[in-house]
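Okay, so here's the structure we're looking at.
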Number of protein chains: 2
Amino acid sequence: MPSERPMRADARRNYDRLLAAAAAVVAEQGAEASLEEIARRAGVGSATLHRHFPSRRRLLEAVFRDKVETLCAAATDLAGAPDPEQALVSWLGAVAAHAVSNRGLAASLMVGSDDGDPLVGATCHTMIVEAGQGLLARARQARAVRSDVSIVELLTLVHAISLAAERQPDGAALADRLLTLVLDGVRPRPEGPPR
Amino acid sequence: MPSERPMRADARRNYDRLLAAAAAVVAEQGAEASLEEIARRAGVGSATLHRHFPSRRRLLEAVFRDKVETLCAAATDLAGAPDPEQALVSWLGAVAAHAVSNRGLAASLMVGSDDGDPLVGATCHTMIVEAGQGLLARARQARAVRSDVSIVELLTLVHAISLAAERQPDGAALADRLLTLVLDGVRPRPEGPPR
DNA sequence: TAGAATATGGAGGGACACCCCGTTTCTGCA
DNA sequence: TGCAGAAACGGGGTGTCCCTCCATATTCTA
């Protein structure tokens, strides 16, 4: 059951304007940006913003949806890569990179749903989890990762790192370094270099 | 050069009241709590709060200072423990546990200084870093950790995990699990169980 | 093209951070 | 002890923010 009825033309127009303005403002100022500023920049009353997006979270999800879809597509592409370990590792790296460069993405992806609204089934969170599942399964089969680690744990770590890195100068490099550290572990490897 | 002149009696009294109120409110509501609510509960005008603590960060730092001191003391205690690896690991666990149970602590410890005020030399951040340094050095000497990992990286990871865990139900357990994962690494160990 | 359905946005309520400045409270000194 | 000036206080104002109501305007449909 898709939308019962197509949006009215002006509604659609304002929706799109809001989304564009939100993307711009969030890119500039992060996910805490003022909603009124977004409405203002979209040339729209704040009531309209609130009608289209009942909560900040919903707005962010709409803003980030296509970025998330890109990541999911990347996962599909990598699903057939020759090296399952490398596939998983570079996908996680991509997730981290996206999260760091789009401030607030990590927080959005973190939680299942914070407003009491359970109907947000296909949230960004679950989309990412499902996309990663396949990569992890293959890597595990290749014995490239411990058998007791789940995709949710892995993604939580990646998001944690992004959360920490996104507020620091040169967050991308930091996230990258920390991710490698996490994958290899802090303790030394008994023999030779890892990988 | 300590404070040029001792605080006036009423100033000292209000300072203490504010600190106590802030500790209570932050424990209840997290680090985003309303500053006016804190002033209100301290029975003090909001201007007074702002005079004593020019920024939210400063207030949080004062609130968390004794918790941080506890952690630093723990580091000193552990400095002579028989097992350097275990000492480091359990100290990091303690840091994570504190950060998770005191919402906002992690964020406070994360950054060096966000207001342009460089005179906050002995911030919580540097206190913790210095406390950890010794434990890491000993663990490294015992070849219990990789030689290329720094205490700042390690603490950043711990804080990242705390940041992610503190907003989830059962954050303590989650943080613990993730920390173990990070220490051991996601990749499997070539031989036998670690430790 | 008229009426119904839908969408809009200005205005306003409540909360907040932060600051100005007249008033009150201390303290050091005579 | 008493008092002058320094130090601290806090009521109230400003500007911002999130969110909602409802009179008005736009779009759709027949």
Side-chain angles (χ1 to χ4, degrees), chain A residues 1-22 24-26 28-63 103-104 107-108 113-117, chain B residues 2-22 24-26 28-63 103-104 107-108 113-117 120:
Chain A
M1 51 173 175
S3 54
E4 314 265 336
R5 192 176 294 204
M7 259 179 170
R8 230 173 70 172
D10 53 347
R12 166 100 250 151
R13 178 161 30 86
N14 284 335
Y15 182 94
D16 291 342
R17 279 186 188 167
L18 279 167
L19 211 48
V25 174
V26 167
E28 278 171 28
Q29 312 180 12
E32 316 286 74
S34 154
L35 299 182
E36 292 204 320
E37 160 76 7
I38 292 173
R40 216 175 296 130
R41 204 178 300 193
V44 147
S46 66
T48 299
L49 184 151
H50 287 285
R51 197 171 317 106
H52 283 297
F53 305 98
S55 69
R56 178 184 294 272
R57 180 168 211 289
R58 290 292 195 85
L59 176 58
L60 290 177
E61 239 168 47
V63 167
R103 288 194 211 169
S108 290
S113 104
D114 66 350
D115 37 4
D117 205 333
Chain B
S3 53
E4 314 265 336
R5 190 176 296 205
M7 258 178 169
R8 233 174 67 172
D10 52 348
R12 166 100 251 148
R13 179 163 27 86
N14 285 335
Y15 183 94
D16 290 343
R17 280 186 187 168
L18 278 167
L19 212 47
V25 174
V26 166
E28 279 173 28
Q29 311 179 13
E32 315 287 72
S34 153
L35 298 183
E36 294 205 318
E37 159 76 8
I38 291 172
R40 216 175 296 132
R41 204 177 302 191
V44 147
S46 65
T48 299
L49 183 149
H50 287 284
R51 197 171 317 107
H52 283 295
F53 306 98
S55 69
R56 178 183 295 273
R57 180 168 211 288
R58 290 292 195 84
L59 176 57
L60 290 177
E61 238 167 50
V63 167
R103 289 195 212 168
S108 290
S113 103
D114 65 351
D115 37 5
D117 206 332
V120 195

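Computed over heavy atoms, backbone and side chain alike; hydrogens, waters and symmetry mates excluded. Naming convention: chains lettered A, B, ... in sequence-line order (proteins, then strands); numbering from 1 in each chain. Nothing here was measured: the structure is a model prediction, and the numbers come from that model.
- Summarising the geometry, the separation between CD on B:Glu36 and P on D:dG13 is reported as 14 Å, rounded to the nearest angstrom.
- Annotation: of the two residues near DNA chain C, B:Ser34 and B:Ala9, the 5′-most nearest-nucleotide partner is B:Ser34.
- B:Arg8 has no side-chain polar atom (N or O) that falls below the 4.0 Å cut-off from OP1 or OP2 of C:dT25.
- Contact check for A:Arg17 versus A:Asn14: side-chain heavy atoms found under the 4.5 Å cut-off.
- A donor-acceptor pair under 3.5 Å links the side-chain atoms of A:Arg56 to the main chain of A:Ala33, judged by distance alone.
- Straight-line distance from the CG atom of A:Leu49 to the P atom of D:dT20: 12 Å, rounded to whole Å.
- Using a 4.0 Å cutoff on non-hydrogen atoms, the parts of residues 38-48 of chain B near DNA chain D are B:Val44, B:Gly45, B:Ser46, B:Ala47, B:Thr48, ordered by number.
- For B:Arg51, taking side-chain heavy atoms from C-beta onward, the closest of the listed nucleotides D:dC9, C:dT27, C:dA17 is D:dC9.
- Proximity of B:His52 to B:Met7: side-chain heavy atoms (C-beta onward) are separated by under 4.5 Å at one or more points.
- For the pair A:Glu32 CD and D:dC17 P, the computed distance is 13 Å after rounding to whole Å.
- By the 4.5 Å heavy-atom criterion applied to side chains, B:Leu59 and B:Val26 are not counted as neighbours.
- One can place NE2 of B:His50 at 17 Å from P of D:dG12, the figure rounded to the nearest angstrom.
- Just one of B:Arg12, B:Arg13, B:Arg8 meets the side chain to side chain donor-acceptor pair (under 3.5 Å) condition when paired with B:Asp10; it is B:Arg8.
- A salt bridge links A:Arg41 with A:Glu28: at least one charged nitrogen is closer than 4.0 Å to a carboxylate oxygen.
- Scanning residues 10-21 of chain A for heavy-atom distances under 4.0 Å to DNA chain D yields A:Asp10, A:Arg13.
- Between A:Phe53 and A:Leu35 the shortest side-chain heavy-atom distance does not fall below 4.5 Å.
- Whole-Å rounding puts the B:Leu35 CG to C:dC16 P distance at 10 Å.
- The pair B:Arg40-B:Glu37 counts as a salt bridge, with a side-chain nitrogen and a carboxylate oxygen less than 4.0 angstrom apart.
- Note: NE2 (A:His52) to C1' (C:dT8) measures 9 Å, nearest angstrom.
- Rounded to an integer number of Å, the gap from CE of B:Met7 to C1' of C:dT25 is 15 Å.
- In this structure, B:Thr48 OG1 and B:Leu18 CG are separated by 7.0 Å, a value rounded to the nearest 0.5 Å.
- Taking atom CZ on B:Phe53 and atom P on C:dC18, their separation rounds to 14 Å, with Å as the unit.
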